[in-house]
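I have placed the structure first, in the form of structure tokens, so that the comments after it can refer back to it.
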Amino acid sequence: MELSKNFLHNEAELKWYAHWNSAGYFTSKPDDRPPYTIVMPPPNVTGVLHMGHALNNSVQDILVRRAKMMGYNTCWVPGTDHASIATEAKVVGMLRDRGIDKKTMPREKFLEYAWEWKEKYGGIILKQLEKLGCSLDWSRTNFTMDEAYYAAVIRVFNELYEKGLIYRGVKMINWDPKAKTALSDEEVIHRQTNSKLYYVRYKLDSDKEEYITIATVRPETILGDTAICVHPEDERYKHLVGRYCYVPLLNRRIPIIFDTYIDKEFGTGALKVTPAHDINDYNLGLKHGLPVIDTLNDDGTMSEAAQLYVGQDRFAVRKKIVEDLREAGNLVKEEDYSNQVGFSERTDVVIEPRLSMQWWCNMQELAKPALEAVMSDEIEFHPAKFKNTYRHWMGNIKDWCISRQLWWGQRIPAWYDAEGGLYVANTAEEAHAQYKSKKPELAAKNTELRQDDDVLDTWFSSWLWPMQVFGWNEAPGNKDLQYYYPTNTLVTAPEIIFFWVARMIMAGYEFLDKKPFDKVYFTGIVRDKQGRKMSKSLGNSPDLLQMIEDNGADAVRFSVMISSPAGNDLLFDESQLEQGRNFCNKMWNAMKLVKSWEGRQQEGLEDSQVKFALDWMDARLAQVSGEVTEMIKDFRLSEGLKTIYSLIWNDFCSWYLEWVKPGMEQPISAHVYQRTISIYEQLLQLLHPYMPFITEEIYHIIRERKEGDDLIEKQLPVYGTPDAEILKGGVMLQELISSVRDTRNKNQLKPKNTIKLWIDTTHHSFYESVQDILRRQVNAEHIGYTTGPKQGSIAIVVQTDKLYIEAAAATIDTGAQKEQMQKELEYLKGFLVSIDKKLGNEKFVQNAKPEVIDNERKKYADGEAKIKTLEESLALIG
RNA sequence: GGGAGCAUAGCUCAGCUGGUUCAGAGCAUCUGCCUUACAAGCAGAGGGUCCGCGGUUCGAACCCGUGUGCUCCCA
């Protein structure tokens, strides 16, 4: 077979993904193996794959593929979230583009459009995950608005209502004037914003020209003012007890009230109180019995109650009212001011605090077991630092506003009769039944019940995800749920620790009395080179699909994994992509080299010359395999990849292959060839979870495979303890080769110039075992042993052995040699002094662990021996 | 205002429970190589006050305190 110059990823990716999928490797059914389960954080139906997904899903795929290779029955469940606000916004936008106004259509019609939109665009992201190589069980794909899922959400609402945890009430909420819906606190993003602080004077109710001046960043809310508040101990205002003043422009008479809540230092120490438009003002209003004047409409324009600027937008009014105040002589001054402003997570408009009737869920009770589980590590957080964040939030948890004034989502299962009576039920029929038994007379006259118009917060459905994807609602004791739940690991971003992680834990304990997962692995946030979060709005997120197309999924996975330690942010750098691509190329070429030996095998060929290489590589495999297992167990995935990368590139390609490589056109021992193939297979196995495509491809090229013999399913071998002597020998051999090469370089010896190498050593058996490798690696025509110096040669010292390099073409620079040896000698002597000090220190000998002391003694002896060798060599050079 | 985290090579980061004079990787830089697997490569080299200060310890990049700078979360 003709092999391409480089790895052709596009072909291989299509081929292998289709093969894995059709072979059924991704689908899971309960059996007698232990399960390994991950539920994918469901992306929004509106979503397209970005770098964050690439990182998140690469991590999950690595864990799943690795578990599969370790004998687990792996199940990775995909799905999408209906994403109430985000999707509704998209559909409204689509309708607007078609010239249709959402307001003109009934709910049912809108939902038809929404479903149509969902069918067409929703789930694109799942297709894109295939490109990344994700080994998802597609037969289990869920959507948070599937019929069964919907039913589960409604049931949960009913159960919590029954328990008295869900209630309806008027409170100050976060209002999104663009989406025209309430938001939970978590959906509000606070950003430092440059504003202006306006100083406005209010005329006092007095015959004299007396004023009180307040400072505000939101002058348009003046129209809703119902008091001015000052601190009771503020000397400046003590004379104003019981007095009144007038709201500018409106001349509404309002009281001056006193409360210790006021910060005397801020502004003028006087606060205007607008109970309808600020949570703190609202609380003050409650305390002091102030009226509430809501001056805003739901779309952010001024309402009739404002009296002025009615129907105009809040920000336009802010400008106008400043001008009008100036004209009226009420504006004292304005200054630049930087403050935190809340923005809607979804629509990015400024949030208005607003009083409104909403549905709430009391979280106090739900939070208790959920907090306990994480604090006691029944659910492990990786990295553990997020436990703090979690505790902080759970300890101060507030009631959750769960209603949204939208149509796309689970409609709140509450019905009202003509008198406003409330019936919460699973179905309209049940609600009617309640109605009839509760109010028979009214029901006889007026049978109609009106269902609540609002839908539930998206997270009110996704908090059931780990349970409901296994059919909890339909059959709570079903086999799947028993087998796969609790799931093993949740992989997600720390940003949604409250939105989602915390609530899933609560739901798990509340409805199933079991945790939803054993471990949570928090990935970092993907940032660009300048450290900015990658986002669509900034336009700094690279086109992931294009990136996969150009560089291959394996290279992309490599690049996001190589520098993403758990919980730390990842600065994405294109150079890592290149590194990944080059790595693929390297493996491809190594495969080509090995493959070229296939036809040159010869039985019974003497292979004692390379036996050392084989044993060493086996030992390294055993060693690294153990390290990688530990790293993956600790979620140090990035380190794991680095370790494997280095094993393949350095140990295998740079050393091993060069060590066993036969001469040009020379035969290779069949045994060595077979061992090499086997070593390569084991390397591919180690790497497969990280880079599945190229490993599967090479696995199938290096050896003829039977049907069903695929790397994805191949079980990892169990390694014994690596041979420490061999490992040490490997290090020594590398040091020998590097030292000789370095010396060659420094003496202007061309690679083609051969040398003679004389060795003065006491470790003859070691040198004999590596002699042939050493000879070829340093291009020596002859290696011999000596017990004294060789005239006219270059002397070097490696560990405690002396080497003499004899070369016809060399211009020997003994000065440079001497200098280098002298330098090393000095270093070693300093080293010995420091160890000596340590060992001479009584406290050290008393306190340090015995193995540490032994190690120091050994270091001392080694150092002494090396110094001796160096001194001898130096004396000889003279 | 409350909480968390980070500061190590020119750049991006590793460095697990203090213990090789412990400081490491990739990229970048420099030198030499078109050595028939790979120039997307090979063989070498240089480069650091581990942010400042103080403390604990026989011993600190690592632990504690403090200062400075940056980031994130929450109100």
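Just so we're on the same page: letters track the sequence lines, and every chain starts at 1. These numbers were taken from a predicted model, which means no experiment stands behind them.
Close to B:C42, at under 4.0 Å from its OP1 or OP2, lies a side-chain N or O of A:K586. The phosphate of B:G44 has OP1 or OP2 within less than 4.0 Å of a side-chain N or O from A:R741. For the OP1/OP2 pair of B:U35 and a distance below 4.0 Å, the side-chain nitrogens and oxygens of A:N779 include no atom meeting the criterion.
One atom, CD1 of A:I694, and another, P of B:C38, lie 16 Å apart when rounded to the nearest Å. Going from atom NZ of A:K5 over to atom P of B:U36 covers 14 Å, rounded to whole Å. Put simply, CH2 on A:W655 is 18 Å from P on B:A37, counting in whole angstrom units. A straight line from CD1 of A:I351 to P of B:A75 spans 13 Å, rounded to a whole angstrom. For the pair A:K750 NZ and B:A43 C1', the computed distance is 13 Å after rounding to whole Å. In this structure, the CZ atom of A:F844 is 11 Å from the P atom of B:G59, given to the nearest Å. Separating the CD1 atom of A:I853 from the P atom of B:G19 is a distance of 15 Å, rounded to the nearest angstrom. Note: CZ (A:F7) to C1' (B:C38) measures 15 Å, nearest angstrom.
Nucleotides B:A61 and B:C70 are separated by 27 Å at their P atoms, to the nearest Å. Annotation: B:A40 and B:U21 have their P atoms spaced 42 Å apart (nearest Å). Nucleotides B:U68 and B:G52 have their C1' atoms positioned 7 Å apart, rounded to a whole Å. One C1' atom belongs to B:A43, the other to B:G54, and the distance between them is 48 Å to the nearest Å. Spacing of P atoms, B:C13 relative to B:C6, comes out at 13 Å, to the nearest Å. Rounded to a whole angstrom, the distance from the P atom of B:C63 to that of B:U17 is 8 Å. Only the C1' atoms considered, B:A4 is 24 Å distant from B:G18, to the nearest whole Å. Atom name C1', nucleotides B:C62 and B:U8: the rounded distance is 12 Å, in whole Å.
Classified by interplanar angle (parallel below 30°, tilted 30° to 60°, perpendicular above 60°), the ring pair A:W393/A:F498 is parallel. Taking the six-membered ring where tryptophan is involved, the planes of A:Y656 and A:F652 are essentially parallel, since the angle between them stays under 30° and well short of 60°. Relative orientation of the A:W459 and A:F499 rings is parallel, given thresholds of 30° and 60° on the angle between their planes.
In this structure B:A39 sits in no base pair that meets the Watson-Crick or G-U test at under 3.5 Å. Within the shown strands, nothing qualifies as a pairing partner of B:A61 under the Watson-Crick or G-U definition with both distances less than 3.5 Å. Pairing for B:U68 is with B:A7, a Watson-Crick or G-U wobble pair whose two hydrogen-bonding atom distances lie under 3.5 Å. Using Watson-Crick or G-U wobble geometry with both donor-acceptor distances under 3.5 Å, B:U21 finds no partner in any strand shown. In this entry B:U49 has no Watson-Crick or G-U wobble partner, no candidate having both defining distances under 3.5 Å. Of all nucleotides present, none satisfies the Watson-Crick or G-U wobble test against B:A14 with each distance under 3.5 Å. Judged by Watson-Crick or G-U wobble contacts below 3.5 Å, the nucleotide B:C30 has B:G44 as its partner.
Residue contacts shown for A:N6 include a base, since a base heavy atom lies under 4.0 Å away. Residue A:S738 is classed as a sugar-phosphate contact, given heavy-atom separations below 4.0 Å to backbone atoms only. A:W597 comes within 4.0 angstrom of nothing in the nucleic acid, heavy atoms only. Contacts of A:M664 with the nucleic acid, taken as non-hydrogen atoms under 4.0 Å apart, include base atoms. Residue-level contact check: A:C584 touches neither bases nor backbone, having no heavy atom under 4.0 Å from any strand.
Between A:E630 and A:K633, at least one side-chain nitrogen of the basic residue sits less than 4.0 Å from a carboxylate oxygen of the acidic one, meeting the salt-bridge criterion. Salt-bridge annotation for A:R218 and A:E352: present, with a side-chain N of the basic residue lying under 4.0 Å from a carboxylate O of the acidic one.
Of the possible donor and acceptor atoms, one in the side chain of A:T629 sits under 3.5 Å from a partner among the backbone N and O of A:S625. In terms of modelled atom types and a separation under 3.5 Å, the side chain of A:R600 and the main chain of A:Q666 share a donor-acceptor contact.
Between A:T389 and A:L593, the residue anchored nearer the 5' end of RNA chain B, judged by the nucleotide with its closest heavy atom, is A:L593. Both A:F583 and A:W588 sit near RNA chain B, but only A:W588 has its closest nucleotide nearer the 5' end.
With hydrogens and angles ignored, a donor-acceptor pair closer than 3.5 Å exists between the side chain of A:E658 and the base of B:A37.
Between A:Y645 and A:F558, the gap from one ring centroid to the other is short of 6.0 Å.
Glycosidic conformation, B:U21: syn, with the torsion inside 90° of 0.
Of the candidate nucleotides B:C58, B:A37, B:A40, B:A40 has the atom nearest to the side chain of A:N582. Which of B:A37, B:C38, B:A14 sits closest to the side chain of A:E639 comes down to B:A14. The A:N585 side chain lies nearest to B:A40 when the options are B:A37, B:C58, B:A40. Closest to the A:S654 side chain, of the nucleotides B:A37, B:A43, B:C58, is B:A43. Nearest to the side-chain atoms of A:F498 among the listed nucleotides B:C73, B:G41, B:A37 stands B:C73. For A:H392, taking side-chain heavy atoms from C-beta onward, the closest of the listed nucleotides B:A40, B:A45, B:G2 is B:G2. Listed nucleotides: B:G26, B:A37, B:C42. Nearest to the side chain of A:Q579: B:G26.
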Test A:I62 against A:R557 for side-chain contact (heavy atoms from CB on, under 4.5 Å), laying out the working first.
CA-CA 10 Å; A:I62 290 162; A:R557 291 166 66 121; 4.1 Å; yes

